[in-house]
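Heavy-atom basis, side chains included; hydrogens, waters and symmetry copies ignored.
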Amino acid sequence: MTQTSPADVELLIGGMTCASCANRIEKKLNKLDGVEASVNYATEKATVTTDGTVDADTLVATVERTGYSAHVHDPAAGRSGHEGHGGLHSAESMLLRLRVSAVLAVPVVLLSMVPTLQFDYWQWLVLALATPVVVWGAYPFHWSAALNARHGTATMDTLVSLGVGAAYLWSLWALFLGEAGMVGMRMEWTWLSQGSGSHEIYLEVASAVTVFILAGHYLEANAKRQSSAALRSLMELQPTTDVAVGEEFTVRPGERVATDGVVIDGRSSVDESMLTGESVPVDKTVGDEVVGATVNVGGRLVVRATKVGADTQLAQMARLVEEAQEGKAEVQRLADRVSAWFVPAVVVAALGTFAVWLLLGGSLLQAFSAAMAVLIIACPCALGLATPTALMVGTGRGAQLGILIKGPQVLESTRRVDTVVLDKTGTVTTGVMDVVAVEPAEGVERDELLRVAATLEHGSEHPVARALASTVDVHGRLDDFENHAGQGVSGTVDGVPARAGRTSWIGVDTASGTTGTITAVELDGRFLGTVTVADTVRPTSAQAVSDLRTLGLEPILLTGDNASVAHDVAAQVGIDRVEAEVTPHDKLRAVERLRAEGRTVAMIGDGVNDAAALAASDLGIAMGTGTDVAIAASDLTLVHDDLATATIAVRLARATLRTIKGNLFWAFAYNVAAIPLAMSGYLNPMVAGLAMAFSSVFVVSNSLRLRRFG
């Protein structure tokens with residue numbers, strides 16, 4: 001058996017058919033000393049944290065004693081090898097059973113519902129067609145019911161098996177011992193509960209209900225597969241080349257980068273759209289980092305691997321998506337609790353219905369029909385599907401939009417957030433110095449000023465110097481370069497003495513109309529003008545702030561930069577409240593202070609200095625190019641590194657939560673309204689099965705609408 005870390009084990013579970021199954025396995029695991037387990041029906045996984053005293057073999061044995069299959073998940077092997085009874089409930093298995101059962105059930109239903117199609121001994125043909133449907137088509141439900149009965153429990157599949165089995169066994173009794181097998185027997189369709197004697201059979205109910213339930217389970221299994229499409233597509237992007245950390249590899253034009261690394265030779269452009277969504281390729285040269293699975297669209301690159309396997313950005317993205325699908329939100333826990341007691345309550349209600357009908361003078365057939373309708377209509381498949389399908393589709397769609405959601409609890413946090421705290425550098429701004437103003441002296445050409453400044457600064461590695469040096473493509477010849485610490489640089493440009501640096505060093509008194517770092521330039525003792533460099537505001541930040549306000553969130557700018565720069569940036573993007581020159585600890589205290597005021601706070605940042613505030617906030621959002629510490633401390637990661645994506649993330653999370661609540665409402669409302677109708681005898685069991693299946697189809701379809709979110 002593959003052994004994982006003793007403190008953190010992930011099991012693949014086979015044989016679960018509903019949320020009640022997951023709830024029972026979870027309870028069994030949590031009874032073990034030192035074990036904390038969470039079982040997710042949607043992903044068929046158990047995430048187990050132990051104190052080290054319980055090994056993986058014990059965990060697997062516990063699950064198997066409960067009646068399900070289990071083995072330790074090997075991330076390198078994916079889900080391959082996940083065998084066992086879980087195969088009964090796979091999308092392919094359900095589709096095959098659905099197709100065969102539907103073909104056989106159609107003539108059964110038509111013959112039973114349309115008297116003009118009935119002929120002598122038609123009932124025996126119906127029996128021959130219905131038997132494979134009831135025995136083979138509904139086998140997964142019978143197997144699950146038997147398994148649960150062995151452990152003294154009942155699930156939603158218990159209701160299905162009881163309903164289908166009761167309808168079939170009654171029909172056998174009526175055909176062989178009653179009047180239903182007689183020549184010339186005819187049966188009419190009715191919307192209400194049937195019940196007039198032993199000449200009635202329910203083979204159409206058994207067949208149709210099986211088809212309806214199979215359809216619901218197939219849609220459920222298919223929804224799981226479709227909602228994991230984003231995760232699979234991420235992993236399929238990973239090249240198959242095996243590379244070790246420190247190993248060098250060549251990336252030719254048109255090839256994918258094998259793994260995360262740093263360029264050690266060559267220059268090219270790399271398409272990082274799969275990672276950032278940016279359609280414009282990014283220039284890469286020696287010293288630049290590249291990410292595995294991105295595409296080299298230019299020249300030849302030689303890369304030294306820095307991260308491989310599970311440590312790469314691609315693997316981390318996939319892991320975040322998967323973890324989000326495995327968690328449980330508060331609304332999911334509610335559904336689990338309800339389903340745990342709902343099934344036995346329905347069985348009791350069905351037995352009570354049967355008894356009351358007989359006590360009130362109803363016929364045996366009327367009592368049986370009403371009880372069977374209760375069993376079928378009450379099957380809360382929709383309740384079990386309501387939360388996991390919406391969570392999986394929502395988180396999958398988030399991954400496609402460049403939003404990585406750490407857990408479903410994040411969805412509930414976004415509903416309550418009323419304040420958003422924004423870091424400045426790297427969040428509202430690009431975090432990269434750029435030329436924002438060029439002010440030539442009188443009689444000096446702008447291009448001449450930039451040429452001299454860029455030539456001088458080309459020799460320096462200072463961020464301001466690099467911004468100036470990259471401003472123009474044509475530089476002069478630089479000789480005798482010298483760096484004057486804290487003042488500026490000097491040298492000869494095309495043989496002429498020149499200086500660039502602080503205005504006080506150059507000996508001029510001038511001011512730029514833009515907040516930033518001002519560099520004065522002098523050539524042969526003549527003042528040429530000033531160039532102002534600053535961290536520029538992201539083009540989408542102003543609209544993003546406006547959108548956040550529209551969502552009901554008050555924006556606050558929180559930065560360690562000086563007050564004048566902070567207020568200038570805030571004015572550009574439309575933020576009224578600013579807290580500047582704060583330390584990382586000050587950021588943490590600011591978030592705690594806002595929460596103490598009764599606010600629900602979201603924090604958006606990208607740096608190590610933001611990590612504590614991100615962790616302390618109700619909703620932490622990290623920019624995609626932020627530090628690993630910031631990303632680890634956050635609840636959401638914006639892969640696109642664009643503040644505008646934050647508003648999309650909030651809207652998606654709220655839309656997902658609305659979908660979950662809508663699903664739960666209709667699942668509850670459906671059962672509450674339908675059970676009394678069935679108990680009173682005003683519902684044909686087959687109509688009950690159709691309505692029950694429709695509720696599951698509605699829940700899944702409603703959840704899949706999130707795939708079009710955008």
Side-chain angles (χ1 to χ4, degrees), residues 12-19 21-22 41-45 68-69 78-110 129-145 147 155-157 159-161 163-164 204-233 236 325 376 379 381-382 384-386 388-390 392-393 396 686 689-705 707:
L12 296 181
I13 309 296
M16 292 192 298
T17 59
C18 62
C21 299
Y41 166 53
T43 59
E44 299 178 325
K45 288 184 180 180
Y68 303 87
S69 64
R79 293 193 66 86
S80 60
H82 187 189
E83 305 294 342
H85 296 292
L88 292 173
H89 306 279
S90 67
E92 290 185 8
S93 173
M94 284 296 169
L95 181 59
L96 176 62
R97 293 177 190 274
L98 174 60
R99 285 175 172 172
V100 174
S101 298
V103 169
L104 296 175
V106 167
V108 172
V109 173
L110 289 176
L129 294 172
T131 298
V133 177
V134 172
V135 176
W136 177 76
Y139 175 74
F141 314 126
H142 302 320
W143 174 85
S144 179
L147 175 67
T155 68
M156 288 175 279
D157 281 340
L159 298 183
V160 177
S161 180
V164 171
E204 81 282 4
V205 173
S207 301
V209 167
T210 298
V211 171
F212 295 150
I213 303 299
L214 283 172
H217 276 253
Y218 167 70
L219 286 172
E220 174 188 1
N222 197 45
K224 293 179 185 178
R225 182 170 56 84
Q226 290 181 353
S227 61
S228 299
L231 177 61
R232 292 196 306 273
S233 64
E236 288 170 358
Q325 294 177 347
I376 295 172
C379 183
C381 292
L385 295 173
T389 53
M392 294 180 70
V393 177
M686 189 172 72
L690 176 61
M692 183 276 301
F694 175 76
S695 69
S696 296
V697 172
F698 170 81
V699 164
V700 173
S701 301
N702 191 43
S703 298
L704 289 175
R705 290 191 305 116
R707 296 174 62 197

Shortest non-hydrogen contact between Leu214 and Ser101, atoms and distance: CD1-OG, 3.7 Å
Closest non-hydrogen atom pair between Ala138 and Val164, with its separation: CB-CG1, 4.5 Å
Where Pro107 and Leu129 come nearest, the two heavy atoms and their spacing: CG-CD1, 3.7 Å
Heavy-atom closest pair, residues Val108 and Ser207: CG1-OG, 3.8 Å
Distance (rounded to the nearest 0.5 Å) between Ser93 OG and Tyr139 OH: 11.0 Å
Pro132 versus Leu104, closest heavy-atom pair with distance: CB-CD1, 3.8 Å
Option among Leu98, Leu96, Val103 that satisfies the side chain to side chain contact (heavy atoms under 4.5 Å, CB included) test with Val100: Leu96
Heavy-atom pair with the smallest gap, counting every atom of Val109 and Ala208: CG2-CB, 4.1 Å
Partner residues of Arg705 under the side-chain hydrogen bond (donor to acceptor under 3.5 Å, both in side chains) criterion, sequence neighbours left out: Asn702
Under 3.5 Å donor-acceptor, Ser144 side chain and Pro140 backbone: no
Any donor-acceptor N/O pair, Arg97 side chain to Trp136 backbone, under 3.5 Å: yes
